[in-house]
Amino acid sequence: MGEGAAEGVEELNDQMLIRRQKLDEWRSEGIEPFGQRYDRTHTAEEIRSQFDALEGQTVSIAGRIIAKRGHGKASFADLLDGSGTIQLFIKVNTVGEKLYKQYQRLDLGDIIGVQGTVFRTRMGEISVEIQEFCMLSKALRPLPEKWHGLKDVDLRYRMRYLDLIANPEVKEVFITRSKIIQGIRDFLLARGYLEVETPMLNVIPGGANARPFITHHNALDMDLYMRIAPELYLKRLLVGGFEKVFEIGKNFRNEGISTKHNPEYTMVELYEAYGDADTMMALTEELFAHLAVLVKGTTQVEFQGQIIDLAPPWPRLPMLEAIKQYAGIDLEGVSDEEAVKLAKERGVELPPGAGKAQVINELFDEFVEPELTGPVFITEHPVEISPLAKRKPDKPSVTDRFEPFIVGWEMANGFSELNDPIDQKERFRQQMEQRQAGDDEAHMMDEDYIVALEHGMPPAGGLGIGIDRLVMLLTDSPSIRDVLLFPHMRPKAD
RNA sequence: GAGCCAUUAGCUCAGCAGGUAGAGCACCGGACUUUUAAUCCGGGUGUCCGGGGUUCGAAUCCCCGAUGGCUCACCA
């Protein structure tokens, strides 16, 4: 991308040519259209909110011209800055012929600095009457259409800056995203958590069942993996004596792209020594409700027409009970063979060699998950699909794990952390078997992590929350691309 | 990865019983000293996504490809 333009291969359309001509006109008058620092006294929003104090005063503002309305010897324009828009007014007998002519040369999209007087027009619009203005940046390409905005989703994602200019509501989503992430950080810091950073380049990718991206380190001449989760590093920190840690950052998973999946996505993972799954469920409820109030002012959240109340406490539903309830199949005490038979009777496809754990997983995904408007905690996942979670003391075939579901999506994942190194090694061994059987998402063996556990890790609760989905929920965005500034796109080949 | 749909001017979209393209905004020229989707007069600025094919003739029909959207599959 950009090669063509850089080499001047790209053809200029009439509007681009005219804007380049205007660039030359500015320069022929000794004015550099790509200007310097500009000291503003106010933003557009401040002028509007502080109008009573500012009326008749001289202010300096800066921004992008997004509309012009000419009336011969007087003109109006709309100036957009980071706070919003403000109307500009200019009269030839105030500024003189020369400046007025220069004003008329301005194109939509140009960025200017304005010194002028605050006043209200006959129609009641708070405005700034230009006394002086200067060029800060010349726009060499036209903006998208003012009324319909930029609709082409391909262009919106590829040229997000235009989307942000043309569709102001898009900005709001990303402001909310920032508030949510800051809200999570504040919430955890206030509870004594320490924010840490762990490697994104991994020798052994762990902490999740997923296919990783592979990259290469030249000096070491070795392949490295982009992390699929920070979990195993964060738990090493529990061994080291940090008792409450969290990390906010990207995970990378080499899997499909959809309205709910982007190859790189943002997670918060946190671990609390001496806690357990119950500690984490309580924290999850509180955090979600807190964030909803922070960005919406209420725990009642509307998503695509349905109202979800995030106020704690959320119901807890063991996986087998959920399957009984939604699929009408009771797997309690059922053998592997019987479980597989029951699933096949319901038309569920299973990989060869699947056992009861896979049956539970498949039945849950197919019959239960879409029904979970929630919020609800699904608990007691089979040990086979939870290789890093502690077993329930009274029920060793399942783990002390939970996943909150809202609007049918898995929003997070948490459990009491497995701190028995011998059990952990055995779990890894089973994962390796699955790997050898062709499951390339099964966990890899991490001997170094076992060694860490052998030094003693306190019992702990752990939690990972998919921040993108959380932002989707709280901004009523149906696609993950709407909450990512630059979602992954194929390069445009032409 | 599979299916369906889309791609026409800078932007938003018409045009698709096959006769080489139109509108609004933007842009260009002109008028206009309080407009706000300003208005009025004049001007269409185009690789109809790309490449083949059918046809006297293709934006339109067929095939291949590119990109995007949705659905499904895998996952969070």
Side-chain angles (χ1 to χ4, degrees), chain A residues 11-19 21-22 66-78 85-95 100 107-109 119-127 129 139-159 162-163 165-167 207-212 228-229 250-269 349 351 361-362 365-366 369 403-405 409-413 439-441 464-470 472 478-481 487 489-494:
Chain A
E11 274 182 46
L12 301 179
N13 64 44
D14 61 329
Q15 300 204 32
M16 290 163 70
L17 285 169
I18 286 159
R19 282 162 185 257
Q21 282 166 20
K22 290 183 180 175
I66 57 162
K68 284 180 84 181
R69 295 176 290 281
H71 290 267
K73 295 189 165 53
S75 287
F76 294 92
D78 294 332
T85 61
I86 186 91
Q87 179 169 264
L88 303 178
F89 179 63
I90 186 167
K91 264 190 308 197
V92 64
N93 52 8
T94 304
V95 299
Y100 194 75
D107 285 316
L108 300 191
F119 77 111
R120 199 192 280 275
T121 65
R122 197 183 292 164
M123 299 302 287
E125 181 85 12
I126 293 170
S127 309
E129 182 172 352
L140 296 178
R141 290 173 184 261
L143 291 176
E145 203 246 359
K146 63 182 172 186
W147 189 242
H148 298 91
L150 187 67
K151 287 223 170 110
D152 185 322
V153 281
D154 193 10
L155 287 180
R156 285 187 48 219
Y157 297 146
R158 287 182 199 278
M159 305 175 89
L162 288 183
D163 191 28
I165 294 167
N167 304 317
N209 290 47
R211 270 190 294 269
I228 55 176
K250 294 266 179 90
N251 288 346
F252 305 87
R253 300 197 179 174
N254 205 341
E255 282 156 1
I257 297 174
S258 78
T259 48
K260 293 198 227 20
H261 301 86
N262 195 62
E264 52 181 295
Y265 70 99
T266 304
M267 292 265 297
V268 55
E269 274 203 21
E349 284 180 39
N361 211 18
E362 293 294 325
D365 284 354
E366 186 157 341
E369 207 174 292
E403 291 177 314
F405 280 83
W409 305 337
E410 182 188 340
M411 300 296 297
N413 181 22
D439 180 359
D440 53 4
E441 288 178 12
I465 301 170
I467 288 180
D468 310 283
R469 287 189 186 173
L470 179 56
M472 288 167 71
S479 169
I480 197 168
R481 296 185 187 93
M489 303 287 274
R490 284 179 213 244
K492 201 99 175 168
D494 42 15

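Throughout, a chain's letter reflects where its sequence line sits, starting with A, and its residues are numbered from 1.
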Look at the side-chain N and O atoms of [X] and state whether any lies under 4.0 Å from the OP1 or OP2 oxygen of [N].
{"X": "Arg481(A)", "N": "G69(B)", "value": "yes"}
{"X": "Arg69(A)", "N": "A38(B)", "value": "yes"}
{"X": "Lys151(A)", "N": "C11(B)", "value": "no"}
{"X": "Lys146(A)", "N": "A38(B)", "value": "yes"}
{"X": "Arg490(A)", "N": "G69(B)", "value": "no"}

Classify the nucleic acid contact of [X] as base, sugar-phosphate or nothing, counting any heavy atom under 4.0 Å across all strands shown.
{"X": "Lys22(A)", "result": "sugar-phosphate"}
{"X": "Leu108(A)", "result": "sugar-phosphate"}
{"X": "Asn262(A)", "result": "base"}
{"X": "Gly466(A)", "result": "nothing"}
{"X": "Leu155(A)", "result": "sugar-phosphate"}

Just one of Lys146(A), Arg69(A), Lys68(A) clears the side chain to side chain donor-acceptor pair (under 3.5 Å) bar with Asp78(A), so which one?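 In the set Lys146(A), Arg69(A), Lys68(A), the residue that makes a side chain to side chain donor-acceptor pair (under 3.5 Å) with Asp78(A) is Arg69(A).
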Would you say the base of [N] and the side-chain of [X] have a donor-acceptor pair closer than 3.5 Å?
{"X": "Glu410(A)", "N": "A76(B)", "value": "no"}
{"X": "Asn93(A)", "N": "U33(B)", "value": "yes"}
{"X": "Glu125(A)", "N": "U34(B)", "value": "no"}

Please report the distance, rounded to the nearest Å, between [atom1] in [X] and [atom2] in [N].
{"X": "Glu264(A)", "N": "A76(B)", "atom1": "CD", "atom2": "P", "value": "17 Å"}
{"X": "Asp152(A)", "N": "G68(B)", "atom1": "CG", "atom2": "P", "value": "11 Å"}
{"X": "Asn13(A)", "N": "A26(B)", "atom1": "CG", "atom2": "P", "value": "16 Å"}
{"X": "Asn361(A)", "N": "C74(B)", "atom1": "CG", "atom2": "P", "value": "10 Å"}
{"X": "Leu88(A)", "N": "A38(B)", "atom1": "CG", "atom2": "P", "value": "14 Å"}
{"X": "Ile90(A)", "N": "U35(B)", "atom1": "CD1", "atom2": "C1'", "value": "14 Å"}
{"X": "Ile66(A)", "N": "C25(B)", "atom1": "CD1", "atom2": "C1'", "value": "14 Å"}
{"X": "Ile257(A)", "N": "C70(B)", "atom1": "CD1", "atom2": "C1'", "value": "15 Å"}

Name the closest nucleotide to the [X] side chain, picking from [options].
{"X": "Met489(A)", "options": "A76(B), C11(B), G68(B)", "value": "G68(B)"}
{"X": "Arg158(A)", "options": "U33(B), G68(B), U12(B)", "value": "G68(B)"}
{"X": "Arg211(A)", "options": "G68(B), C25(B), C74(B)", "value": "C74(B)"}
{"X": "Glu362(A)", "options": "C74(B), U34(B), C11(B)", "value": "C74(B)"}
{"X": "His71(A)", "options": "A26(B), C70(B), U35(B)", "value": "U35(B)"}
{"X": "Thr259(A)", "options": "A76(B), U34(B), U71(B)", "value": "U71(B)"}
{"X": "Met123(A)", "options": "G68(B), U36(B), C74(B)", "value": "U36(B)"}
{"X": "Val153(A)", "options": "C27(B), G68(B), C11(B)", "value": "G68(B)"}
{"X": "Ala74(A)", "options": "U33(B), A38(B), U71(B)", "value": "U33(B)"}

Taking all heavy atoms of [X] and all of [Y], pick out the closest pair and write down the distance.
{"X": "Lys151(A)", "Y": "Arg156(A)", "answer": "O-CD, 3.8 Å"}
{"X": "Leu162(A)", "Y": "Leu150(A)", "answer": "CB-CD2, 3.8 Å"}
{"X": "Ile480(A)", "Y": "Ser258(A)", "answer": "CG2-O, 3.7 Å"}
{"X": "Met16(A)", "Y": "Pro142(A)", "answer": "CG-CD, 4.5 Å"}
{"X": "Thr259(A)", "Y": "Met472(A)", "answer": "O-CE, 3.7 Å"}

Residue whose closest nucleotide on RNA chain B lies nearer the 5' end, Asn413(A) versus Gly72(A):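 Nearest nucleotide further toward 5': that of Gly72(A).
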Pick the nucleotide of RNA chain B nearest each of Lys73(A) and Gly70(A); which residue has the one closer to the 5' end?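 Looking at the nearest nucleotide for each, Lys73(A) comes out on the 5' side.
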Taking the [atom1] atom of each, how far is [N] from [M], in whole Å?
{"N": "G24(B)", "M": "U45(B)", "atom1": "P", "result": "15 Å"}
{"N": "G53(B)", "M": "G69(B)", "atom1": "P", "result": "32 Å"}
{"N": "A6(B)", "M": "C61(B)", "atom1": "P", "result": "10 Å"}
{"N": "G51(B)", "M": "A9(B)", "atom1": "C1'", "result": "23 Å"}
{"N": "A38(B)", "M": "G19(B)", "atom1": "C1'", "result": "41 Å"}
{"N": "G50(B)", "M": "A31(B)", "atom1": "C1'", "result": "45 Å"}
{"N": "C74(B)", "M": "G10(B)", "atom1": "C1'", "result": "40 Å"}
{"N": "G43(B)", "M": "A26(B)", "atom1": "C1'", "result": "14 Å"}

May I ask which nucleotide in the shown strands pairs with [N], Watson-Crick or G-U wobble, both distances under 3.5 Å?
{"N": "G44(B)", "result": "none"}
{"N": "A59(B)", "result": "none"}
{"N": "U39(B)", "result": "A31(B)"}
{"N": "G65(B)", "result": "C49(B)"}
{"N": "U71(B)", "result": "A2(B)"}
{"N": "G10(B)", "result": "C25(B)"}

Report yes or no: is the ring centroid of Tyr265(A) under 5.5 Å from the six-membered base ring centroid of A76(B), with the two planes under 30 degrees? yes
Using modelled atom types only, decide if a donor and an acceptor are shared between the side chain of Asn413(A) and the backbone of Glu403(A) within a distance under 3.5 Å.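 Between the backbone of Glu403(A) and the side chain of Asn413(A) there is no qualifying donor-acceptor contact (under 3.5 Å).
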With distance as the sole test, does Asp163(A) use its side chain to make a donor-acceptor pair with the main-chain N or O of Tyr157(A) at under 3.5 Å?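 No; judged by distance alone, with no hydrogens or angles, the pair does not exist.
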Ignoring hydrogens and angles, state whether a donor on the side chain of Tyr265(A) or Arg253(A) is under 3.5 Å from an acceptor on the partner side chain. yes
Could you check whether Thr121(A) and Gln87(A), counting side-chain N and O atoms only, form a donor-acceptor pair closer than 3.5 Å?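 Distance-only check fails for Gln87(A) and Thr121(A).
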